[in-house]
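Numbers here simply count residues along the sequence, with the first being 1. Just so you know, ligand 1 is whichever comes first in the structure, and atom 1 is the first atom listed for that ligand.
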Amino acid sequence: MARTLIAGNWKMNGVSASLPEIEAIAAGVTPAKPGVEALICVPATLLTRASAAAAESALMIGGETCHAKVSGAHTGDISAPMVADAGASHVIVGHSERRADHGESSETVAAQAAAAIEAGLTPIICIGETAAERDSGKAIEVVTGMLRASLPAGADPARLVIAYEPVWAIGTGNVATVEAVDEMHTALRACLSGIFGAAAGDIPILYGGSMNPGNAAGLLTVRDVNGGLIGGASLKAADFLAIYAAA
Ligand code: PEP
């Protein structure tokens with residue numbers, strides 16, 4: 001049975017003045033609820049300070065992306081060892097905003113995830129269909145294809161987290177129905193089982209897309225939903241902690 005992970009994604013939000021929110025979340029998730037982990041992924045500029053703020057707590061800190069290479073001439077990028085060195089335990093790879101804004105392909109995402117694992121980080125590999133792909137009836141085919149292409153070859157399943165995030169649900173308030181989430185997560189678990197066998201049952205599959213304190217309980221009770229990746233509602237400690245409480 002996969003552990004539950006409630007993960008925040010602050011995206012391009014947060015400066016020094018936001019650190020009290022990290023401190024409040026850290027205090028609110030400590031001591032940890034049995035079987036439930038809490039993580040906030042922050043911009044690179046906040047990684048070190050957020051890690052320090054969460055140091056004595058059960059809250060983990062993550063990055064929002066990493067380069068596939070360890071170092072080199074890649075101006076503005078951040079490598080997986082840098083993210084780990086700044087105190088992170090996890091890193092998001094393949095978020096739809098990175099795929100859209102930076103042209104990151106599933107092959108790139110697989111290389112980033114491999115780099116993350118090599119650096120001792122747990123990658124959160126994001127996949128999800130667009131509205132057009134869902135409307136065409138191909139959502140399951142598209143997303144399971146993305147999953148296969150985004151997994152690093154030979155990865156240890158114990159080092160993976162998957163996040164299903166329908167693109168049309170991110171930041172829109174249009175949360176996917178419990179039925180659609182159930183159908184997709186069942187398909188993703190079956191896909192992972194085909195690759196990893198019984199160990200696939202331990203891989204957390206998060207749902208992401210307009211999760212908030214009002215809809216979290218319903219989404220988190222879906223059988224193969226093992227937590228959430230939360231954008232907007234992770235920026236305020238009270239909202240994030242209400243979702244954590246629902247897990
Ligand atoms: C996200 O950024 O991964 C996300 C799911 O955002 P939101 O919760 O705001 O839809």
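Among Gly231, Cys41, Gly209, the residue whose heavy atom lies closest to atom 6 (O) of ligand 1 is Gly231. Of the options Gly208, Gly232, Ser96, the smallest heavy-atom separation from atom 9 (O) of ligand 1 is shown by Gly232.
On a distance-only criterion, Thr172 and ligand 1 share no N/O pair closer than 3.5 Å. The shortest N or O to N or O distance between Ala233 and ligand 1 is not below 3.5 Å. For a threshold of 3.5 Å applied to N or O pairs, the pair formed by His95 and ligand 1 contains at least one separation below that value.
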Task: Derivation and outcome, side chain to side chain donor-acceptor pair (under 3.5 Å), residues Tyr164 and Glu129 - done: CA-CA 9 Å; Tyr164 166 56; Glu129 83 284 2; 2.9 Å; yes
Task: Thr108 vs Ser105, side chain to side chain donor-acceptor pair (under 3.5 Å): CA-CA, chis, key distance, verdict - done: CA-CA 5 Å; Thr108 300; Ser105 66; 3.1 Å; yes
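Contacts of Asn9 with ligand 1, taken as heavy-atom pairs under 4.0 Å, involve the side chain alone.
One hydrophobic cluster, built from ILVMFWY side chains closer than 4.5 Å, cannot hold both Val109 and Val167; they sit in different ones.
Nearest non-hydrogen protein atom to atom 5 (C) of ligand 1 is Glu165 OE2, 3.1 Å. Closest to atom 2 (O) of ligand 1, if we only count protein heavy atoms, is Lys11 CE, 2.6 Å.
Taking the six-membered ring for Trp and thresholds of 30 and 60 degrees, His74 and His67 have ring planes inclined between 30 and 60 degrees apart.
A salt bridge is defined here as a Lys NZ or Arg NE, NH1 or NH2 lying under 4.0 Å from an Asp or Glu carboxylate O, and Arg99 with Glu104 fails to meet this definition.
Within ligand 1, counting atoms from 1 as listed, the ones closer than 4.0 Å to a heavy atom of Ala169 are 10 (O). Applying the 4.0 Å criterion to heavy atoms of Gly171 picks out, from ligand 1, the atoms 7 (P), 9 (O), 10 (O).
When all heavy atoms of Val93 and Pro123 are compared, the closest pair comes out as CG2-CB, 4.2 Å.
The distance from the OG atom of Ser79 to the CD atom of Gln112 is 11.5 Å, given to the nearest 0.5 Å.
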